[in-house]
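Have a look at the structure below before the remarks.
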Number of protein chains: 4
Amino acid sequence: MKAVVIGSTGYGGIELIRLLQGHPNAEIGAMVSSSSAGKPLGEVYPHAAHLTFTLEEMDVDGIAEVGDVIFFATPPGVSGKWAPTFLERGKIVIDLSGDFRLGNPDTYQQWYQREPAPVEWMERAVYGLSEWYGEQVAQATLIANPGCYPTATLLAVLPLLKEGLIQTSPLVVDAKSGVSGAGRGLSESKLYCEVNENLYPYKIGVHQHTPELERFAEAESGEPVKILFTPHLIPMNRGILTNVYAQAKPGVTGHDVADCYRSYYENTPFVRLKPEGEWPQTKHVRGSNYCDLGWHVDERTGTVTAVAVIDNLMKGAAGQAVQNLNIRMGWPETAGLEGLPLYP
Amino acid sequence: MKAVVIGSTGYGGIELIRLLQGHPNAEIGAMVSSSSAGKPLGEVYPHAAHLTFTLEEMDVDGIAEVGDVIFFATPPGVSGKWAPTFLERGKIVIDLSGDFRLGNPDTYQQWYQREPAPVEWMERAVYGLSEWYGEQVAQATLIANPGCYPTATLLAVLPLLKEGLIQTSPLVVDAKSGVSGAGRGLSESKLYCEVNENLYPYKIGVHQHTPELERFAEAESGEPVKILFTPHLIPMNRGILTNVYAQAKPGVTGHDVADCYRSYYENTPFVRLKPEGEWPQTKHVRGSNYCDLGWHVDERTGTVTAVAVIDNLMKGAAGQAVQNLNIRMGWPETAGLEGLPLYP
Amino acid sequence: MKAVVIGSTGYGGIELIRLLQGHPNAEIGAMVSSSSAGKPLGEVYPHAAHLTFTLEEMDVDGIAEVGDVIFFATPPGVSGKWAPTFLERGKIVIDLSGDFRLGNPDTYQQWYQREPAPVEWMERAVYGLSEWYGEQVAQATLIANPGCYPTATLLAVLPLLKEGLIQTSPLVVDAKSGVSGAGRGLSESKLYCEVNENLYPYKIGVHQHTPELERFAEAESGEPVKILFTPHLIPMNRGILTNVYAQAKPGVTGHDVADCYRSYYENTPFVRLKPEGEWPQTKHVRGSNYCDLGWHVDERTGTVTAVAVIDNLMKGAAGQAVQNLNIRMGWPETAGLEGLPLYP
Amino acid sequence: MKAVVIGSTGYGGIELIRLLQGHPNAEIGAMVSSSSAGKPLGEVYPHAAHLTFTLEEMDVDGIAEVGDVIFFATPPGVSGKWAPTFLERGKIVIDLSGDFRLGNPDTYQQWYQREPAPVEWMERAVYGLSEWYGEQVAQATLIANPGCYPTATLLAVLPLLKEGLIQTSPLVVDAKSGVSGAGRGLSESKLYCEVNENLYPYKIGVHQHTPELERFAEAESGEPVKILFTPHLIPMNRGILTNVYAQAKPGVTGHDVADCYRSYYENTPFVRLKPEGEWPQTKHVRGSNYCDLGWHVDERTGTVTAVAVIDNLMKGAAGQAVQNLNIRMGWPETAGLEGLPLYP
């Protein structure tokens with residue numbers, strides 16, 4: 001089984017390469033990078049200098065020949081344009097970008113402010129939130145790997161919505177991400193001196209992960225859901241922590257919430273539930289595919305707080321992409337993903 | 001005018017010393033530290049080794065003799081016990097701890113889990129949120145300096161509550177603090193290796209700043225207010241960012257919110273309002289007494305988000321304490337506090 | 001093959017557990033921690049909460065029954081006392097502490113300021129610098145795993161000393177380490193607020209790794225060698241960078257140095273040589289067992305600078321310990337150590 | 001007294017603005033920034049948004065009209081071109097760049113790889129290492145403010161060289177700097193994710209501060225001196241720590257070195273000597289103009305290690321520039337520089 005990574009030199013791409021390199025069933029067929037084509041991988045990423053790959057141009061025929069599965073770890077707009085070609089040649093495509101997640105071209109255009117992918121493929125894409133849509137993933141040819149924020153947030157909120165434990169409105173999501181989520185592109189706001197000892201929200205109410213959250217929140221709750229989503233930049237490399245704040249339905253207790261989570265996640269390999277009164281920490285999942293979940297039901301205010309952490313490059317990107325590949329191929333779901341978090 | 005700092009070797013204490021050292025009207029009469037009495041200041045804080053102070057025991061007579069104003073930068077329980085003695089001798093007391101903030105011994109006992117200060121002094125204390133209670137501060141003998149989280153949060157939310165622009169319930173506060181807020185005491189959770197590349201919430205719904213928030217939210221809104229307050233630890237030394245999430249009253253627009261803030265803060269020296277569509281960053285106030293305020297009114301969800309940042313050791317502790325001293329003494333409110341933030 | 005880790009709750013211990021957990025040939029028989037015996041591992045290290053181990057007392061019989069190889073990841077003095085018992089029962093012991101590295105009880109007593117291990121075992125211990133003493137390691141029962149600083153420094157300097165390319169005196173080593181090298185024990189100097197945005201040297205000329213460096217520098221050069229060793233604390237979790245400054249022997253060029261390194265390390269799996277004019281970065285080896293080596297021969301001053309980086313918990317501790325286990329057991333040297341560095 | 005800052009939007013420039021803003025004798029006449037001319041300062045630096053300056057074009061006549069002293073906080077090549085114009089109009093120029101430090105156009109061309117400033121001005125410039133050349137600074141019209149690395153290094157080594165306590169060769173300088181030393185310009189190597197948890201040397205033996213070090217080392221020792229200078233990038237914003245390694249002259253003891261330093265620095269306001277057996281930490285001077293000095297005389301190896309720390313933007317740039325202005329104007333040397341370091 002040969003995998004091709006398109007967008008190898010972003011942080012998501014190089015994380016995919018790390019995982020594929022250690023995978024028992026897959027191997028890397030080619031690394032594509034339009035910005036660094038022709039360079040040895042080690043020139044762009046010296047930490048991987050012992051691998052002898054050369055970064056390649058985006059050459060559809062070449063890629064189709066060497067690859068059985070094609071990963072897109074690219075900025076918006078790239079997979080929307082190129083994925084159909086590979087799909088038509090019978091390849092499996094796992095897309096880490098947002099191009100196929102929304103199911104609806106209009107919503108895409110509104111929130112991403114760019115031309116959507118072909119509607120027929122947008123509709124056929126399976127949303128790869130592994131714990132929720134694993135059965136469809138197992139049959140999919142085009143897997144839309146979830147966004148980093150939605151992965152953490154949806155894992156936390158979907159059980160509560162589906163079981164009707166919380167009001168669907170107002171739903172407030174306050175999320176915090178390490179800087180690698182913003183990629184390796186140059187901008188003043190990502191300079192070390194600007195980020196270090198700093199903290200701030202951005203894109204309040206207008207972040208493109210909002211409709212992705214609402215789409216699946218509505219699907220599972222069966223009601224219209226509007227979410228105010230506020231992301232923050234945190235001075236660390238990896239990690240997302242997301243808090244969902246909702247009003248409890250009358251009579252709902254901490255016990256109910258705990259039971260609800262247990263019924264959904266007790267047998268999943270990557271979602272770990274925190275004991276009562278403890279909350280997740282991003283460092284506890286760093287470098288791994290785990291999602292740690294905690295919660296608080298506040299009787300004074302009637303508020304349910306659900307807290308989830310993931311490594312944004314792992315369960316939030318490359319890790320879940322490999323998990324989806326495993327599911328799709330019928331391999332053990334944890335293949336290549338068994339490593340403990342790197343601590344400290 | 002001589003000041004005595006009790007609790008000189010905590011982070012709040014040493015920040016007070018930095019400010020008093022550069023103050024045009026005040027000077028330091030004595031530095032008290034029960035844990036390090038007898039040591040030169042420079043042994044505990046080598047960055048201040050050129051100051052030739054020796055840390056002193058808690059000696060009431062000695063302190064009363066040398067000091068006109070007594071600052072308590074101490075853990076809970078200390079000022080509650082000792083402040084009355086100094087007050088009875090006619091000293092001004094500015095207390096940076098929570099002992100006199102709640103106005104109500106029962107509430108104190110419930111949230112702080114310890115013996116409250118004498119009720120008569122608790123009731124006479126003036127809450128030193130300078131921009132809101134400056135007139136009372138100007139007359140006060142006992143000033144209860146606000147907590148770090150409440151300073152930022154109340155500055156953001158009080159105008160909206162007072163003018164009735166938001167629903168009083170549910171009110172969700174998601175706040176993030178640098179590590180210095182947890183003090184210099186030893187604990188595994190504050191070790192560099194544990195904090196670095198980490199992020200997590202703590203004390204959800206049970207933090208002792210909750211009743212402080214509710215007290216003044218109720219006072220200004222004239223209604224009962226219940227707040228779910230969730231603090232987080234962030235891998236940085238200084239800085240607090242707090243988000244208040246509330247439902248807008250019908251018809252309230254971004255314009256209304258902007259006007260409201262302007263009417264309260266346009267002429268205050270330390271609250272700076274962000275332009276529309278920009279939000280505050282903690283680094284923009286680091287080392288200074290500023291509070292930067294931004295907001296977002298989200299029409300899709302009807303949510304108002306108010307965002308405030310402060311330096312927790314400055315406007316959230318020592319800076320506001322000096323601001324209150326200035327107000328109390330009739331000095332320019334900004335005396336000793338004019339410095340620009342240290343950037344980057 | 002069952003391994004027992006003594007000292008499981010230090011940073012070196014938990015890294016060993018991470019590696020053993022992913023090792024194809026070994027498995028963990030027991031985790032010993034005198035400070036946390038009886039607790040589940042997940043209580044001390046929530047990132048590993050899905051492992052169901054309970055930390056155990058130091059029980060010699062129990063350990064001897066379950067373990068084929070015993071790792072000591074303990075403070076000085078522990079293995080010196082307990083390792084002989086296990087050795088006498090025919091166990092393989094890999095000691096990550098300094099108790100058996102110096103070969104000489106007097107030197108140990110002088111630099112470690114404590115009672116040395118039994119001299120007969122000190123003399124029989126094999127120094128586990130894998131690339132240099134792999135043949136002896138393959139036969140050893142007691143392996144003294146090198147210190148973190150000496151691993152990086154000796155890999156950089158031994159080829160130059162052995163081939164006589166540099167003067168043996170003066171030899172200056174300026175080394176920098178992340179904070180995890182100082183362990184998880186509580187001290188004010190390791191608090192986040194004290195370390196962050198800080199940098200300083202410590203123990204100049206008196207660090208206990210000095211005699212370890214000199215012992216093997218002398219062994220390979222065949223001459224007496226005195227080294228001034230200066231370690232520094234760096235605000236990061238993992239990583240060591242060490243610079244060796246030496247005077248070049250007359251006529252020695254950059255070419256000679258490059259050839260020398262190539263002849264020693266070209267076929268080793270974990271030492272990677274940097275291209276001319278590039279130097280190693282700690283982040284390029286983080287989380288991996290690699291040692292990246294670079295150098296500079298300065299004609300103006302006649303100085304050779306050799307630069308090495310490792311992850312102090314990997315090649316500088318747990319990684320090399322597993323590498324030594326692999327060598328000792330005749331397994332592939334890289335078993336369980338193939339992972340790419342975690343980047344970024 | 002009006003000051004103009006050319007290059008206001010670099011990190012050195014904005015630090016100058018912070019200092020001038022709080023200076024009792026000087027005020028800011030204009031802020032010049034060719035890259036951001038026309039923008040309000042607060043748009044480029046929101047932390048200073050309450051200052052109402054607009055950034056201006058490089059307009060010689062306008063600047064000459066408004067300014068008595070002109071600070072250049074610009075990249076190499078700018079002051080070399082423009083400073084003479086202002087000097088000829090009778091202005092005082094304080095240049096924070098390297099254009100006038102070397103006294104010799106050939107050396108400049110060799111190490112900076114660019115066109116030197118006019119030789120007559122290069123020769124007339126006074127090197128502004130305040131503690132050493134204050135008398136000349138007091139008379140100067142063109143002050144070449146020292147580089148950040150040379151400031152720390154020369155303060156540490158000049159007394160030892162001048163008093164003949166150390167051999168002049170080999171002289172090894174291993175220096176470490178926070179990232180702000182590299183400025184605010186965009187480059188991948190300065191991105192947060194690349195710097196955080198990283199550490200590496202750069203420009204070994206070829207850094208442009210080498211000839212600056214050698215020039216004044218030779219001047220004070222009276223002998224030719226060749227220095228191997230190795231700078232490192234450290235994951236922190238501010239701070240330089242520099243180690244000078246030299247061989248002690250026969251018979252030189254720790255006492256001699258201590259006496260030597262005391263005789264030079266006992267009465268200087270900004271150089272603080274560490275007690276025996278303690279070494280400086282960058283955090284102890286952060287945000288201040290102090291230089292903390294420590295040392296170690298190692299009898300085993302005959303090596304003297306001198307350790308100095310400064311804040312690279314303060315004593316290493318803007319702070320020393322203001323100190324030089326104070327000296328030049330006959331103001332108290334510490335005017336505007338009395339602030340304690342910002343700790344923690």
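So you know, we letter chains A, B, ... as the sequences are listed, proteins then strands, and number each from 1. Quick caveat, the model's predicted, so the values are computed rather than measured.
- Salt-bridge check for R238(B) with E15(B): passed, with a basic side-chain N closer than 4.0 Å to an acidic carboxylate O.
- Interface remark: E197(D) contributes side-chain atoms only to the contact with chain B (heavy atom separation under 4.5 Å).
- If you tally non-hydrogen atom pairs under 4.5 Å between each of E278(D), H50(D), E338(D), Q21(D) and chain B, the highest count goes to H50(D).
- For the residue pair Q281(B) / D292(B), no side-chain donor-acceptor distance below 3.5 Å is found, with atom types taken as modelled.
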Check against side chain to side chain donor-acceptor pair (under 3.5 Å), Q320(D) and T151(D): CA-CA 9 Å; Q320(D) 187 157 247; T151(D) 294; 3.1 Å; yes
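- Chosen from P46(B), P269(B), P275(B), the residue pairing most often with chain D at heavy-atom distances under 4.5 Å is P46(B).
- The CD atom of E194(D) lies 8.0 Å from the CG atom of N198(D); values are rounded to the nearest 0.5 Å.
- Taking the centre and axis of the six-membered ring of Y343(D), the NZ or CZ atom of K283(D) falls inside the cone set by 45° and 6.0 Å.
- Only the side chain of R272(B) comes within less than 4.5 Å of a heavy atom of chain D; its backbone N, CA, C and O stay farther away.
- Using a 4.5 Å cut-off between heavy atoms, L19(B) makes no contact with chain D at all.
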